[in-house]
Each structure stands twice: as structure tokens, then as C-alpha cells.
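Quick notes on the structure that follows.
For clarity, every value in this text was computed on a predicted model and none was experimentally measured. Whatever order the structure lists them in is the order used to number ligands and atoms, beginning at 1. Side chains included, hydrogens not; waters and symmetry mates left out as well; all remaining heavy atoms used.
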Amino acid sequence: MQVFMDSANVKAIEDAVEHGLIDGVTTNPSLIAKEGANFREVVEQICRTVSGPVSVEVVGKTYEEMITEGREIAKIADNVVVKVPMLKEGLRAVRELSRDGIRVNVTLVFSAAQALLAAKAGATYVSPFVGRLDDYAHVGMDVIRDIVKIYKNYALPAQVLAASVRHPVHFVEAALAGAHVVTVPPSVLHQLVKHPLTDVGLERFLADWQKVPQGIFGPPR
Ligand code: G3P
């Protein structure tokens, strides 16, 4: 399973890349707005920081707007993936952009039916929003499981990208369900790395190490 960071924060992305934790990045208009910086500059910086795919969303709602914006966004860098919302017009744009060789991530997917249509339109990634479904008392992860099964049934090449991931259990369940990619905010990525028993265990090992008369590291005590 590939791990992407769901953020437009260059510092957080740099840190994750330095530690080899992520394979790509997903952004959305809200995440870009949160950075309070020039859209193009932020995207260019992110694309230089991570070598893997970087999803950048169009904001137009008509087919023409999505096509124009999508083509412009695709020119920013070779690793850009154009994010298109799951609308009827959006699917038309997905078909056109992917025909041009542009990779597309269909976003705001909330059902297996939507995901099947997005894959048929030629999407490279399809992003079901797990947490937002949970917010409305649906089990978001069930949608991921269904989509993975449907894509397998028909050997569809689209990749299931589990989005709106809110906690480590979502991450593990997405992996168990067979999602190809999971995108996590920086806070969840840090939670995934940490375990209190690791910290306690390490403290104990290092305290005991003090009792060793001569270590392999450093001079004799
Ligand atoms: O980038 C799309 C998605 O991951 C947003 O997540 O937490 O705003 O529902 P969230």
C-alpha cells in the first residue's frame, strides 16, 4: 500500500520525505487555502519536494473549466495528478484528460457506484472519503471494501485511494481492505509512528545499558 500525505504544508511534507515515510501527496482547495500562500508556488514547491504523485484539484464546475484548469495544472510538473470532483461533468473531463495522458484522481467519492463510473471514465486514482461517511453514520470503510472488490471483479486498473482518514484504525483497515493508497494528514502519520510501549521499552533498555561496564560505543566507564 502506498502512503500519501494529505496536506499542502511544505514543511510537513519535507519532514515526511526526509524520513522516507511517504510516496506522494494529496491536496485540496481547503488545504491549499490553509497555507495562505500563492497557489502555484505552493504546488511547485510540493512537486519539487516529493518525487511521487501530487494531486492538485480543479475548482471549475463545468466541463470546459475543468479541462482548461486540468491542462494548466498538469503543466506545473511531471508528477502532478489532476483532481476532479465526482460530477457528471467531471467524468466527462476525466475521460478527456486521461485520453491526453494526464493522470486524474476523482475526488469526493462516497459510493461504490460512483467509484465504478470514475474507473470506467479512466481515472488513475479514485478517492472515497472514509471519515466524512463515518460523520454521517455510514461505515466509510465498507465503501472501500466494496470498491476494491468491484475493481478486482472487472480487472479495472484504477487505484483505490482511501481519503478523509482521521485516525490509525482507518489506516490499518484500509490496508486490510486492500486499498492501493491511503492518504493521511501529518497528525495521523505521527500517530502511526508512535507507540507508548516503544518509548517505555527504549527508556528501560537505555537505563539498563548504563549498568554495562564497557559498551561498544564510547570509552570504558
Ligand atoms: O483530501 C481529501 C480528504 O482527505 C479530506 O479529508 O478530513 O477534510 O474529510 P477531511
Side-chain angles (χ1 to χ4, degrees), residues 1-13 16-17 21-37 39 42-43 45-47 49-50 52-61 66 69-70 73 76 79-87 90-91 93-94 103-112 114-115 118-119 123-145 147-148 158-175 177 179-192:
M1 181 175 73
Q2 293 218 299
V3 179
F4 289 1
M5 179 169 271
D6 199 26
S7 173
N9 185 278
V10 177
K11 274 209 164 81
I13 295 165
V17 168
L21 295 175
I22 57 166
D23 307 293
V25 169
T26 51
T27 68
N28 62 39
S30 311
L31 291 171
I32 301 252
K34 218 165 105 183
E35 297 309 309
F39 163 76
V42 174
V43 172
Q45 248 182 309
I46 297 173
C47 289
T49 306
V50 64
V54 176
S55 289
V56 181
E57 195 160 337
V58 299
V59 288
K61 280 170 85 181
M66 285 189 251
E69 288 175 26
I73 289 171
I76 297 178
N79 54 337
V80 157
V81 173
V82 175
K83 229 174 169 186
V84 171
M86 178 60 218
L87 302 169
L91 291 180
V94 174
R103 289 181 296 167
V104 183
N105 175 356
V106 177
T107 189
L108 290 164
V109 168
F110 293 94
S111 75
Q114 289 182 319
T124 301
Y125 300 100
V126 175
S127 298
F129 279 28
V130 177
R132 291 195 198 180
L133 277 165
D134 289 358
D135 290 343
Y136 285 89
H138 292 279
V139 181
M141 207 49 70
D142 284 348
V143 175
I144 300 282
R145 279 186 273 270
I147 301 169
V148 168
Q159 298 199 29
V160 182
L161 191 161
S164 185
V165 163
R166 304 273 171 79
H167 49 71
V169 174
H170 275 157
F171 178 85
V172 174
E173 285 189 337
H180 304 87
V181 187
V182 64
T183 189
V184 291
S187 57
V188 173
L189 189 67
H190 296 137
Q191 281 179 291
L192 293 173

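Although no hydrogens or angles enter the test, the distance criterion places no donor-acceptor pair under 3.5 Å between the side chain of Glu35 and the main chain of Val42. Ser164 places a side-chain N or O within 3.5 Å of a backbone atom of Arg132 that can act as its donor or acceptor partner. Of the possible donor and acceptor atoms, none in the side chain of Gln159 sits under 3.5 Å from a partner among the backbone N and O of Val181.
Close N/O approach between Arg132 and ligand 1 is found [any backbone or side-chain N/O within under 3.5 Å]. Ligand 1 has no nitrogen or oxygen under 3.5 angstrom from a nitrogen or oxygen of Thr183. Not one N or O of Thr27 is nearer than 3.5 Å to an N or O of ligand 1, by distance alone. At a 3.5 angstrom cut-off on N or O pairs, Ser164 counts as close to ligand 1.
In terms of protein heavy-atom proximity, atom 2 (C) of ligand 1 is nearest to Phe129 CZ, 3.3 Å.
Residue-level proximity to ligand 1 for Glu57 is absent, since no heavy atom of it falls below 4.0 angstrom.
At a threshold of 4.5 Å between non-hydrogen side-chain atoms, the residues Arg166 and Asp134 do not count as touching.
Taking both residues in full, the closest heavy atoms of Ile32 and Val43 are given as CD1-CG2, 4.0 Å, listed atom of the first, atom of the second, then distance.
Interface of Arg166 with ligand 1, defined as ligand atoms under 4.0 Å from a residue heavy atom, comprises 7 (O), 9 (O), 10 (P).
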* **Full working for salt bridge (Lys or Arg N to Asp or Glu O under 4.0 Å) between Arg145 and Asp142** => CA-CA 5 Å; Arg145 279 186 273 270; Asp142 284 348; 2.9 Å; yes
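At least one heavy atom of Asn28 lies less than 4.0 angstrom from ligand 1.
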